[in-house]
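Okay, so here's the structure we're looking at.
Given the structure is predicted, the values throughout are model-derived calculations rather than measurements. The first residue of the sequence shown is numbered 1, and numbering continues consecutively from there.
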Amino acid sequence: MILYPAIDLKDGNAVRLLRGDMEKSTVFNEDPAAQARAFVEAGCEWLHLVDLNGAFAGEPVNAAPVEAILTQCKVPAQLGGGIRDMATIEMWLNKGLERVILGTVAVEDPGLVRAAARAFPGRVAVGIDARDGLVATKGWAEATNVQATDLAKSFEDAGVAALIYTDINRDGAMGGPNTAATEALARAVSIPVIASGGVSSLDDLAALKANGLIAGAISGRALYDGAIDLPRALALVKG
């Protein structure tokens, strides 16, 4: 299982939100690239980046800090937020991003996801952000009637590299991930599933790893707060 430290970008800073609320953000580092370097120096093998402003705007907003991270950190990174057309996908992949995460367009334009996955094998992930099992889009601001599992299954044959499943009600709340829902999703599809939202302790990571169903876990606030000791966490997920 891979541990992905999260760097969520808002107004150029590395922040964490509480349950996706842009009005409830905490700035953890005004230099996101420095934060990324610290994670890499601690042994992280991937980075998970989110352009929060971009998720609402529908286009890249925090491009400068993302580019700084890509320049300064020589580990693969995945990015979500505001990536909603092929030109933006190509732009980021050409700049050195390893993987784009498509969320809103996975609901609104699934054909784009399929086309991108064909054009860039292994480099397109689908972000499934759910509240009470139903997918939310546009920075989690808009609810849909789409079941998370149904959305996941619809991409079973599309060639996407991974599904990133976030339980919005758990995100940033330090209450633990929705392990049961994440495992159920992983059982429903053959696509690798990455858990996100509420991963806040070594016990959480151990629980996600226990059944061998989950390919990765994303953690943000717990790493910034020190609730998760990063070297111990990395040893746990690799062991």
Item to complete: Before giving the answer on side-chain contact (heavy atoms from CB on, under 4.5 Å), spell out for Arg221 and Phe28 the whole-Å C-alpha distance, their side-chain angles and the decisive distance to 0.1 Å.
Response: CA-CA 9 Å; Arg221 181 176 290 273; Phe28 281 103; 3.8 Å; yes
Practice prompt. Report yes if the side chains of Ile69 and Leu49 come closer than 4.5 Å at any heavy-atom pair, otherwise no.
Written response: yes
Worksheet item: Taking Lys153 for the side chain and Ala188 for the main chain, is one N or O donor matched with an acceptor at less than 3.5 Å?
Response: no
Fill in: Shortest non-hydrogen contact between Val193 and Ala186, atoms and distance
CG2-CA, 3.7 Å
Item to complete: Run the numbers on Leu52 and Val15 for side-chain contact (heavy atoms from CB on, under 4.5 Å), then give the verdict.
Response: CA-CA 9 Å; Leu52 293 170; Val15 309; 3.6 Å; yes
Practice prompt. State, to 0.1 Å, how close Ala14 and Tyr224 come at their nearest heavy-atom pair, and which atoms those are.
Written response: CB-OH, 4.4 Å
Fill in: Leu112 side chain reached by Met86 side chain, heavy atoms, under 4.5 Å
yes
Fill in: CG-OG1 distance between Leu205 and Thr179, expressed to the nearest 0.5 angstrom
9.5 Å
Worksheet item: Is a side-chain N or O of Arg114 found less than 3.5 angstrom from the main chain of Gly159, in a donor-acceptor match?
Response: no
Item to complete: For the pair His48 and Tyr4, name the ring-plane relationship: parallel under 30°, tilted 30 to 60°, perpendicular over 60°.
Response: perpendicular
Worksheet entry | For the student: nearest non-hydrogen atoms of Ala148 and Ala130, plus distance | CB-CB, 4.1 Å
Discussion item. Tell me the closest heavy-atom pair linking Ala106 and Phe155, and the distance in Å.
Written reply: O-CZ, 3.4 Å
Discussion item. For Lys238, is there an ion pair with Glu45 - N to carboxylate O distance below 4.0 angstrom?
Written reply: yes
Worksheet item: Within a strict 4.5 Å, meaning less than it, do heavy atoms of the Phe39 and Leu230 side chains meet?
Response: yes
Discussion item. Are the side chains of Arg123 and Trp92 in contact, using a 4.5 Å heavy-atom criterion?
Written reply: no
Worksheet item: Among Leu3, Leu223, Leu208, which residue meets the side chain to side chain contact (heavy atoms under 4.5 Å, CB included) test with Val199?
Response: Leu208
Worksheet entry | Same apolar cluster (I L V M F W Y, side chains within < 4.5 Å links), Ile89/Val126 | yes
Item to complete: Decide yes or no on salt bridge (Lys or Arg N to Asp or Glu O under 4.0 Å) for Asp109 and Arg84, but give the supporting numbers first.
Response: CA-CA 9 Å; Asp109 187 4; Arg84 297 182 191 167; over 6 Å; no
Worksheet entry | Reported CG-to-CG distance for the pair Asp8 and Asn62, which is rounded to 0.5 angstrom | 10.5 Å
Worksheet, complete the sentence: Here the gap from Cys44 atom SG to Arg37 atom CZ, rounded to the nearest 0.5 Å, amounts to 14.5 Å
Worksheet item: With a 4.5 Å limit on heavy-atom distance, are the side chains of Asn211 and Arg187 in contact?
Response: yes
Worksheet, complete the sentence: Interatomic distance, CD@Gln147 vs CG@Leu185, rounded to 0.5 Å, equals 11.5 Å
Discussion item. With a 3.5 Å distance limit and no angle check, can you tell me whether Asn178 reaches the backbone of Asp167 through a side-chain donor-acceptor pair?
Written reply: no
Item to complete: Could you check if a side-chain atom of Asp129 sits within less than 4.5 angstrom of a side-chain atom of Tyr165, using non-hydrogen atoms only?
Response: no
Discussion item. Has Arg170 got a side-chain atom pairing as donor or acceptor with Gly176's backbone, closer than 3.5 angstrom?
Written reply: yes
Fill in: Pair Asn13-Asn29, side-chain donor/acceptor within less than 3.5 Å
no
Practice prompt. State, yes or no, whether a side-chain contact exists between Asn53 and Asp11 at a heavy-atom distance under 4.5 Å.
Written response: yes
Worksheet entry | Flag, side chain of Thr166 to backbone of Ile168, donor-acceptor distance under 3.5 Å | no
Fill in: Shared hydrophobic cluster for Val160 and Ile214 (ILVMFWY, side-chain gaps under 4.5 Å)
yes
Discussion item. Could you check whether any side-chain N or O of Arg19 sits under 3.5 Å from a backbone N or O of Asn169, counting only pairs where one atom can act as donor and the other as acceptor?
Written reply: yes
Discussion item. Under the criterion salt bridge (Lys or Arg N to Asp or Glu O under 4.0 Å), I'd like the reasoning laid out for Glu90 against Lys95: C-alpha separation, chi angles, the key distance, then a yes or no.
Written reply: CA-CA 9 Å; Glu90 292 181 5; Lys95 285 181 181 292; over 6 Å; no
Worksheet item: What pair of heavy atoms forms the shortest contact from Ser154 to Leu151, and how long is it?
Response: OG-O, 2.6 Å
Item to complete: Decide side-chain contact (heavy atoms from CB on, under 4.5 Å) for Lys24 and Leu17; before the verdict, give the C-alpha distance in whole Å, the side-chain angles of both, and the deciding distance to 0.1 Å.
Response: CA-CA 6 Å; Lys24 296 179 181 177; Leu17 304 184; over 6 Å; no
Worksheet, complete the sentence: Rounded to the nearest 0.5 angstrom, the CZ-CD1 distance for Arg99 and Ile101 is 7.5 Å
Worksheet item: Are there more than 12 heavy atoms of other residues, nucleotides or ligands under 6.0 Å from atom CD of Gln72?
Response: yes
Item to complete: Using the rule that two of Ile, Leu, Val, Met, Phe, Trp, Tyr join whenever any of their side-chain heavy atoms come within less than 4.5 Å, decide whether Val107 and Leu163 are in one cluster.
Response: yes
Worksheet item: Can you check side-chain contact (heavy atoms from CB on, under 4.5 Å) on Val237 and Ile2, steps first, answer last?
Response: CA-CA 6 Å; Val237 299; Ile2 297 171; over 6 Å; no
Worksheet item: Judged by atom type as modelled, is there a donor-acceptor pair below 3.5 Å linking the side chain of Asp225 to the main-chain atoms of Ala227?
Response: no
Item to complete: Over all heavy atoms of both residues, which pair between Ala162 and Ile194 is shortest? Give the atoms and the distance, please.
Response: CB-CD1, 4.0 Å
Fill in: same_hphob_cluster(Phe56, Val105) at 4.5 Å side-chain heavy-atom cutoff
no
Worksheet item: Out of curiosity, Thr137 OG1 to Glu142 CD, how far, rounded to the nearest 0.5 Å?
Response: 5.0 Å
Worksheet entry | Donor-acceptor contact below 3.5 Å, side chain Thr182 vs main chain Ala195 | no
Item to complete: Would you check if the side chain of Ser200 reaches a backbone N or O of Gly198 as a donor-acceptor pair within less than 3.5 Å?
Response: yes
Item to complete: Would you kindly say whether Thr88 and Glu59 are connected by a side-chain donor-acceptor distance under 3.5 Å?
Response: no
Discussion item. If hydrophobic clusters are built by linking Ile, Leu, Val, Met, Phe, Trp and Tyr wherever their side-chain heavy atoms come under 4.5 Å apart, do Val75 and Ile164 end up in the same one?
Written reply: no
Fill in: Asp204 (side chain) donor-acceptor with Ser201 (main chain) under 3.5 angstrom
yes
Worksheet item: Heavy-atom distance under 4.5 Å between the side chains of Asp51 and Lys10, does that happen here?
Response: no
